Amino acid sequence: PRGAEALAAAGITHASLANNHALDRGVEGLLDTRRHLEEAGIEPFGAGADRDAALRPVVIEAGDTTVAVVGAMQRWRKYREAGWGATADRGGVAYLDQETLPALFPPTGVEPDVVVAFVHWGTEYEAVGERTRATAAKLADRDVDAVIGHHAHVPQAIGVVDGTPVLYGLGNAAFGSRGRFERGEGIGLVARLVLGDGALRRIELVTVRTDNRRVDFATAAMGARASERVLQRLAAEGPAALRVVDGVGVLEV
């Protein structure tokens, strides 16, 4: 409960629970987490008491633009065999794979202007793999407006797939362990989706230092010059046409 209250105090309004620690304390722990978040005023998504709840997107009214955010997790064998996926009568996470991908976009009762896939995938501390790139292409085929990935603990490539911006990995934001970083790798991205007139206009990227051996568990913004080097490297790996203005990456949509 104290963790949920701290998130709320920091301005967090929504939280995806589609990740590889969501059921560390079983379904009961997952449902406790959802309840604590809700009591703190934070809306959880991506995992729930049954499959319908886990697959249900969160809908955000952002000015004149309605945004639906879908949370899902790669179906790694370890968690599949442990039964972490939500079913019709058991709580769990929403999976992201070829079998369940179509079910990730159920009716929400509204017609969203923008759909964002917020996905937990990839390999920790490594670059983007072919499986992740193939899944990004499938999401682009589903007319997703942006794909934002996380799990690897390090920032990954910034790309565009069939016109869809893909942030393959944000890296860490605030994180409760020191991590396994090589020198200079403890970096994360904060993504700002700029909306207007019922559409996604651009994505702005801010770089932060997250190696807790350097920042002592207090995430710190990077300087403009160092930030530009990081962003340009990630854009080249994407690839994506990225402008960097005063250390902030700008990806036009």
Side-chain angles (χ1 to χ4, degrees), residues 3 7 12 14-34 36-37 42-58 68-106 108 115-142 144 146-157 161 164 166-173 175-177 188-189 191:
L7 291 173
I12 303 299
H14 299 77
S16 173
L17 297 180
N19 66 74
N20 65 310
H21 288 287
L23 274 81
D24 283 353
R25 297 296 181 179
V27 174
E28 182 180 4
L30 169 65
L31 299 183
D32 279 349
T33 299
R34 280 191 60 100
H36 294 319
L37 288 168
I42 298 172
E43 187 170 353
F45 61 102
D50 54 36
R51 194 166 185 266
D52 287 344
L55 293 173
R56 188 177 302 123
V58 63
V69 185
V70 175
M73 181 183 99
Q74 180 177 325
R75 185 152 73 168
W76 289 283
R77 177 183 296 178
K78 171 182 177 180
Y79 304 103
R80 183 182 71 241
E81 292 176 349
W84 276 36
T87 67
D89 55 5
R90 183 179 183 276
V93 300
Y95 277 141
L96 176 69
D97 58 23
Q98 190 167 351
E99 295 177 14
T100 60
L101 192 59
L104 284 173
F105 303 94
T108 60
V115 177
V116 177
F118 192 63
V119 293
H120 203 74
W121 60 5
T123 304
E124 293 182 354
Y125 302 98
E126 293 188 11
V128 181
E130 289 305 313
R131 176 179 179 180
T132 302
R133 291 186 184 275
T135 304
K138 291 184 174 70
L139 288 167
D141 286 342
R142 297 288 303 180
V144 170
V147 179
I148 302 178
H150 41 91
H151 172 66
H153 299 284
V154 292
Q156 294 176 316
V161 179
T164 300
V166 180
L167 310 181
Y168 284 98
L170 295 178
N172 291 351
F175 201 71
S177 73
L189 302 176

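Since the model is a prediction, treat every value here as computed from it, not as a measurement.
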A side-chain contact here means heavy atoms from C-beta on lying under 4.5 Å apart; do [X] and [Y] qualify?
X: V119; Y: V147; value: yes
X: L30; Y: V93; value: no
X: V70; Y: V116; value: no
X: F45; Y: H14; value: yes

For the residue pair [X] and [Y], what are the closest heavy atoms and their distance?
X: A54; Y: A86; value: CB-CB, 3.7 Å
X: L167; Y: A191; value: CD1-CB, 3.6 Å
X: G169; Y: L189; value: O-CD1, 4.0 Å

Using a 3.5 Å distance criterion without hydrogens, assess whether the side chain of [X] forms a donor-acceptor pair with backbone atoms of [Y].
X: T132; Y: V128; result: no
X: T164; Y: V144; result: yes
X: W121; Y: Y168; result: yes
X: R90; Y: W84; result: no
X: Q156; Y: E126; result: yes
X: R34; Y: A47; result: yes

Exercise. Quick one: do the H153 and N172 side chains pair a donor with an acceptor below 3.5 Å?
Worked result: yes

Exercise. Is it the case that H151 and N19 place a side-chain donor and acceptor less than 3.5 Å from each other?
Worked result: no

Problem set entry | Option passing side chain to side chain donor-acceptor pair (under 3.5 Å) with N20 (candidates Q74, H120, K78) | H120

Problem set entry | Over-ring placement of R51 relative to Y95, 6.0 Å and 45° cut-offs | no

